[in-house]
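If you read the sequence from its start, that first residue is 1, and numbering goes on from there. Whatever order the structure lists ligands and atoms in, that order sets their numbers, starting from 1.
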Amino acid sequence: MTKEAKQDDLILAPALMSLNLKNEEKSFVNKEILPKMRKIENEEPSHLQINEKFLKRWSIEGLIGKGGYGEIYLAVDVVRGEEVAIKVEPKKRRGKLAKRMILEQHVLFKMQGKPHVPLIFGSGYTDKINFIIMQILSINVGEIKKSSPNKRLSQCSVGRIIHQTISALRDLHKTGYVHRDVKPANMCFGIYPQSRHILILLDFGLVRRYKMENGEWREPRARAGFRGTTRYVSIRVHRRCEQAPYDDLVSVMYTSYELLSGELPWKHLEKSDEVLQLKEIMTENGVNPELFKGEKSVLIDFFKLVSETDPSKTPNYEQLIECIRVLYAPKTLSDPYEWEENQKGTDEFSEENSK
Ligand SMILES: Nc1ncnc2c1ncn2[C@@H]1O[C@H](COP(=O)(O)OP(=O)(O)OP(=O)(O)O)[C@@H](O)[C@H]1O
């Protein structure tokens, strides 16, 4: 394929061109959640070739992610000697110009400097694809959960994941956008010592502006198209209401349940209407205690707080964070996670080199 995108086609973010890692920081200690250990071996990449040097600078090492629209490659920036992720989508989809990644890179650039978004090193297009070059991250939280011994995460990990997701959404909502696809597969961690406890929210391809530049909310449409993932969307989204910050938080709420208990009650349901029915049973007339037995009981207050939030108002993020903090206190956001604890003794990990 032709990849002679001119330098002008690249929108580079000069201040962010490198993570400026010292060599010892590049030797990451937690190999369990490194994406290069999880290269998708049995899938043929469609847009870039393994071992090719994309735009003469990024050596393509493998495919690490595949979504409905794009592909994510692990690559090495040969100038900086650093690993990066390259997200690629075809410029045209069903004959139409694909706008998803154009919007995604726009929002990502706006959000640079915020702690819970990936660093962007560049973006642009060739004659066939749009691409974004970004910070390489861990495998996603859904995969971390899957690879954990009980196929679920501890209260302490879930509390810290949810706390950071609420912070990420607070930053995004402040810029005037809703995410509309919050789920474990769109959450990763950093992979270097200084970033490995920082949760990063991904995939800004479905964002929508809900607030204008002057801070006023846009007039909601009488009926909005469905956007999101059935398992995680709010009851309002099933009913085709315009999405607001509240709806992102409902997805956070379902995410917390799934991570903590292993699965949502509607995991095996295929029909959207059946999923909706169970969601209604779970929260519509107050939080249903039947679905919050055992380890899930710690989520009751959080579910109440989210469900009682007025969708037409800005959520009280601080109150939500305070409520979820109960799950992980007295630990802090910078303490090791369970997947690191499991590694102690089997790797070169030690408290000493984690400081
Ligand atoms: N910077 C990154 N570093 C490591 N892995 C990544 C990175 N970005 C994405 N991934 C992986 O690739 C997967 C798909 O990424 P993303 O959701 O951005 O793609 P998408 O094509 O928009 O997906 P979908 O169609 O499902 O919304 C993620 O779940 C994650 O596991």
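Between the side chains of Asn51 and Ser59, no donor-acceptor pair is found at a separation under 3.5 Å. With no hydrogens or angles considered, a side-chain donor-acceptor pair links Tyr73 and Glu71 at under 3.5 Å.
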Write none if no such pair exists; otherwise list each N/O atom of ligand 1 with its protein N/O partner under 3.5 Å and the distance.
from: ligand 1; atom 1: 1 (N); to: Gln135; atom 2: O; distance (Å): 2.9
from: ligand 1; atom 1: 3 (N); to: Leu137; atom 2: N; distance (Å): 3.0
from: ligand 1; atom 1: 17 (O); to: Asn186; atom 2: OD1; distance (Å): 3.1
from: ligand 1; atom 1: 17 (O); to: Asp203; atom 2: OD2; distance (Å): 3.0
from: ligand 1; atom 1: 18 (O); to: Lys87; atom 2: NZ; distance (Å): 2.7
from: ligand 1; atom 1: 19 (O); to: Lys87; atom 2: NZ; distance (Å): 3.4
from: ligand 1; atom 1: 21 (O); to: Gly70; atom 2: N; distance (Å): 3.0
from: ligand 1; atom 1: 22 (O); to: Lys87; atom 2: NZ; distance (Å): 2.9
from: ligand 1; atom 1: 22 (O); to: Arg100; atom 2: NH2; distance (Å): 3.2
from: ligand 1; atom 1: 22 (O); to: Asp203; atom 2: OD1; distance (Å): 3.0
from: ligand 1; atom 1: 22 (O); to: Asp203; atom 2: OD2; distance (Å): 3.1
from: ligand 1; atom 1: 25 (O); to: Gly68; atom 2: N; distance (Å): 2.6
from: ligand 1; atom 1: 27 (O); to: Arg100; atom 2: NH2; distance (Å): 3.2
from: ligand 1; atom 1: 27 (O); to: Asp203; atom 2: OD2; distance (Å): 2.5
from: ligand 1; atom 1: 29 (O); to: Asn140; atom 2: ND2; distance (Å): 3.1
from: ligand 1; atom 1: 29 (O); to: Ala185; atom 2: O; distance (Å): 2.6
from: ligand 1; atom 1: 31 (O); to: Asn140; atom 2: ND2; distance (Å): 3.0

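Distance alone, capped at 3.5 Å, places no donor-acceptor pair between the Thr283 side chain and the Val287 backbone. Looking at Glu104, its side chain does come within 3.5 Å of a backbone N or O of Phe204 through a donor-acceptor pair. In this structure, the side chain of Arg218 engages the main chain of Arg209 through a donor-acceptor pair within 3.5 Å.
Contacts classified as salt bridge (charged side-chain N to carboxylate O under 4.0 Å, His left out) and involving residues 89-101 (residues at least two apart or in different chains) are given here: Arg100-Asp203.
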